[in-house]
Amino acid sequence: MLSTYLLLILVLFFLLTTLIPQYIVDWQIEYRKNSLQAAGNEIGKRIDYYLGFYDSTIYVTYIDNVTRQYAVSLDSRVMIFDDDGKIISDSNNQFKQQVLDLPQIRDALKGSTTWSNYYFNDIGNVLYLAVPVMIENNVRGGVLIANSINDLYDNVDVINNTIKTIIFIAGILITVGVAIISNHFLKPINKFYPVINKLSMGDFGDRVEVMSNDEFRMLADSFNSMSIKLNEVEQQREDFVGNVSHELKTPLSSIKLLSESLLTQDKVEEKVYKEFLTDINNEVDRLNSIVTELLSLVDLNKKHLVLEYEMTNLNLNIEKILEQLKPFADQKNIRIAFEQSDKVLMRLDKNKIKQAIINIVHNAIVYTPESGVVTVRLYKERDQVVIEIEDTGYGIPKENIDSIFDRFYRVDRARSRHTGGTGLGLSISKQIINLHYGSLTVSSVLGVGSTFYIRLPIQQGV
Ligand SMILES: Nc1ncnc2c1ncn2[C@@H]1O[C@H](COP(=O)(O)OP(=O)(O)O)[C@@H](O)[C@H]1O
Ligand SMILES: [Mg+2]
């Protein structure tokens, strides 16, 4: 950034110090030439009559006086020449009676005014200008004026020096300004690099500290929340992979152990064989349900998941679900009640909602001791439909209640072991309900029971 500015300054400097002075000099020389030409014509008018008589002493003295007078007032050397080009009068008294071979004199004798700029080592720049003196269209002679124009070039030096000074000061100001600006802008930006580098290496969660109170601070703030979010996602991913491996590992180890002990024993009774194989079979079921639930969780998490809405009679559907689960409840002598206060007909992804409800009612049965009651209620509340699933079960400790919707989370691992769950059911249900823009909440009293609430907006998929 700095170098660009400096280059610009150099270009500007070059333009200003060459073009502008040149233009000014040309313009001033033109002006000087015009005034000398006017003076030359004036001299010519005063002496034209006497030019024919230059051998008369009186006339020559007169001409000399005029010459000297103008030499002083014009600050120039003034000479008068006759129609042969011979010098009659010279304010410096040097070339009298001599013929000077100058182009300006030759041109003047042809009737035209010309001028030239000469440079002499000792006296510098001199402007030569000759005007013809005419009487009735005849050239009688001419006036030659030699004027030093060093002053004009001196002016240019002054101008040049002024420009140089201005540019020098501007250069310093710009350099300092650019340094300050780049310090202001680049310093905060530079703070991002190490953190971005770390991010790209997979090291998330670092923060950028920007002290200022401007756009950079806002940028840093959003950057930091992104970094924190990435860190969370990465943490979840690691946990998830860890959990999945762990959950798969447990049944696999059991299967390995059971099959190995069968293989290493020589004579195994058929009864023991059956027993072990039953266990192995159960573990395979368990593996199967983990993988199935994982797959449906992966499906639900797809970015472009589209729900297949269809008009659904919820009363009828819940009845069917409860019927399906009844044999299972009967095993524990658990009674299932269904209280329907309202008829609910709404658009839903029928299969997914069914899966969500089954998971929750199934839990209610699993986590309720024998001879308990599970009550399902369906009613409308303003623009929402509520499905309540209440049980008279073990309840959930307060400190665990927020976690039960997390993947693989199970409150009491020891007891959960023989209930055979995976810890994925509630997170699947919650995901499905969220996709319907609804909510899944729970209230629970330890030792008394739990109630899960599914709330769905009635207007769906429009
Ligand atoms: N109705 C309930 N009563 C008591 N605890 C429950 C109930 N429903 C769920 N839980 C607790 O929440 C945990 C997570 O449930 P879930 O995601 O369905 O996994 P899983 O049933 O496979 O263990 C269960 O392990 C259990 O500890
Ligand atoms: Mg469950």
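Just so you know, these numbers use all the heavy atoms, side chains as well, and skip hydrogens, waters and symmetry mates.
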Min side-chain heavy-atom separation Y367-D391 under 4.5 Å:
no
Which heavy atom in Q104 sits nearest to a heavy atom in S116, and how many Å separate them?
NE2-CB, 3.0 Å
Holding to side chain to side chain donor-acceptor pair (under 3.5 Å), I want the full list of residues that pass it with K267, two or more places apart in sequence or in another chain.
none
For residues V291 and L248, determine if any side-chain heavy atom of one lies less than 4.5 Å from a side-chain heavy atom of the other.
yes
Who passes ring pair (Phe, Tyr, Trp, His ring centres under 6.0 Å) against F223, sequence neighbours left out?
F192
Return yes if some donor-acceptor pair links the side-chain N/O of S429 with the main-chain N/O of A356 below 3.5 Å, else return no.
yes
Could you point out which residue of T114, D107, L144 forms a side-chain contact (heavy atoms from CB on, under 4.5 Å) with L102?
L144
Test salt bridge (Lys or Arg N to Asp or Glu O under 4.0 Å) on K274 and E270; report intermediate values, then the result.
CA-CA 6 Å; K274 275 239 166 86; E270 197 188 324; 3.7 Å; yes
N224 side chain vs A220 backbone, donor-acceptor pair below 3.5 Å:
yes
Has N150 got a side-chain atom pairing as donor or acceptor with I123's backbone, closer than 3.5 angstrom?
yes
If you measure from CD on Q355 to CG on N351, what distance do you get to the nearest 0.5 Å?
9.0 Å
Sequence neighbours excluded, which residues qualify as salt bridge (charged side-chain N to carboxylate O under 4.0 Å, His left out) partners of E308?
none
Show which side-chain atoms of residues 19-29 pair as donor or acceptor with protein atoms under 3.5 Å away, not counting sequence neighbours.
residue	atom	partner	partner atom	Å
Q22	NE2	D26	OD1	3.2

Are more than 12 heavy atoms, taken from residues, nucleotides or ligands other than F168, located less than 6.0 Å from that residue's CZ atom?
no
Using side chain to side chain donor-acceptor pair (under 3.5 Å) as the criterion, list what pairs up with E260, not counting sequence neighbours.
K256
When K33, R77, R32 are each screened for side-chain hydrogen bond (donor to acceptor under 3.5 Å, both in side chains) with N147, the one that passes is R32
Taking only residues two or more places apart in sequence or in another chain, which ones pass side chain to side chain donor-acceptor pair (under 3.5 Å) with N317?
none
Report yes if some heavy atom in the side chain of E42 is under 4.5 Å from a heavy atom in the side chain of Y70; otherwise report no.
yes
D402: partners by side chain to side chain contact (heavy atoms under 4.5 Å, CB included), with sequence neighbours left out:
none
Taking every non-hydrogen atom, the tightest pair across I365 and I334:
O-CD1, 3.6 Å
Any chance the side chains of R407 and N243 put a donor and an acceptor closer than 3.5 Å?
no
Under the rule for salt bridge (charged side-chain N to carboxylate O under 4.0 Å, His left out), what residues qualify as partners of D221, not counting sequence neighbours?
R217
From CG (D299) to CG (L294), nearest 0.5 Å:
11.0 Å
Counting only pairs under 3.5 Å, give me each side-chain donor-acceptor contact of residues 335-346, with atom names and distances, residues two or more places apart or in other chains.
residue	atom	partner	partner atom	Å
E339	OE1	R377	NE	2.9
Q340	OE1	N315	ND2	2.9
Q340	NE2	E319	OE2	2.8
D342	OD2	K380	N	2.7

Could you grab the distance from atom CD1 of I458 to atom CG of L348, nearest 0.5 Å is fine?
10.5 Å
Are more than 12 heavy atoms, taken from residues, nucleotides or ligands other than M311, located less than 6.0 Å from that residue's CE atom?
yes
Can you check whether L199 reaches F204 side chain to side chain, under 4.5 Å on heavy atoms?
yes
Do E323 and K326 come close enough that some side-chain heavy atom pair is under 4.5 Å?
no
Side-chain contact, heavy-atom cut-off 4.5 Å: L314 with I387?
yes
With side-chain contact (heavy atoms from CB on, under 4.5 Å) as the test, would you mind laying out the steps for F408 and S427 before giving the verdict?
CA-CA 8 Å; F408 294 112; S427 62; over 6 Å; no
Inspect the surroundings of CD in E269 and state if more than 12 heavy atoms from other residues, nucleotides or ligands are less than 6.0 Å away.
no
Does a side-chain heavy-atom distance below 4.5 Å link F452 with V361?
no
Once side chain to side chain donor-acceptor pair (under 3.5 Å) is applied, do any residues pair with D349, and if so which ones, sequence neighbours excluded?
K352
Quick one: salt bridge (charged side-chain N to carboxylate O under 4.0 Å, His left out) partners of D285, sequence neighbours excluded?
none
Give the minimum heavy-atom separation between I428 and S296, together with the two atoms involved.
CD1-OG, 3.4 Å
Please name the pair of heavy atoms, one in A130 and one in A108, separated by the smallest distance, quoted to 0.1 Å.
CB-CB, 4.0 Å
Would you sort out whether I389 and I454 count as a side-chain contact (heavy atoms from CB on, under 4.5 Å), showing the intermediate values?
CA-CA 8 Å; I389 298 108; I454 302 174; 4.1 Å; yes
Test side-chain contact (heavy atoms from CB on, under 4.5 Å) on S254 and D279 and set out the steps.
CA-CA 9 Å; S254 307; D279 286 347; over 6 Å; no
P194 to N190 - nearest heavy-atom pair and separation
CD-O, 3.3 Å
State which residues pass salt bridge (charged side-chain N to carboxylate O under 4.0 Å, His left out) with K350; sequence neighbours excluded, sorted by chain then number.
E310
Should we count CZ of F328 as having more than 12 external heavy atoms under 6.0 Å?
yes
Let's go through K398 and L446 carefully: what are the C-alpha distance in whole Å and the side-chain angles of both, what is the deciding distance for side-chain contact (heavy atoms from CB on, under 4.5 Å) to 0.1 Å, and is it a yes or a no?
CA-CA 8 Å; K398 262 201 168 53; L446 208 56; over 6 Å; no
Rounding to 0.5 Å, atoms CG (L258) and OG1 (T278) come to a distance of 10.0 Å
Quick one: does N313's side chain have a donor or acceptor within less than 3.5 Å of a partner on L316's backbone?
yes
Between D206 and S227, is there a side-chain donor-acceptor contact under 3.5 Å, judged purely by atom types and distance?
no
Do side-chain atoms of T392 reach the backbone of V373 as a donor and acceptor pair under 3.5 angstrom?
yes
Specify whether H436 and Y309 have parallel, tilted or perpendicular ring planes, treating 30° as the upper limit for parallel and 60° as the lower limit for perpendicular.
perpendicular
Check the side chains of Q431 and N301 for a donor-acceptor pair under 3.5 angstrom, ignoring hydrogens and angles.
yes
Can you measure from CG (L424) to CG (L295) and round to the nearest 0.5 angstrom?
11.0 Å
Do the side chains of K320 and K354 get nearer than 4.5 Å, heavy atoms only?
no
What distance separates L456 CG from S439 OG, expressed to the nearest 0.5 Å?
8.0 Å
List the atom of L426, the atom of L440, and the distance in Å for their closest heavy-atom pair.
O-CD2, 4.3 Å
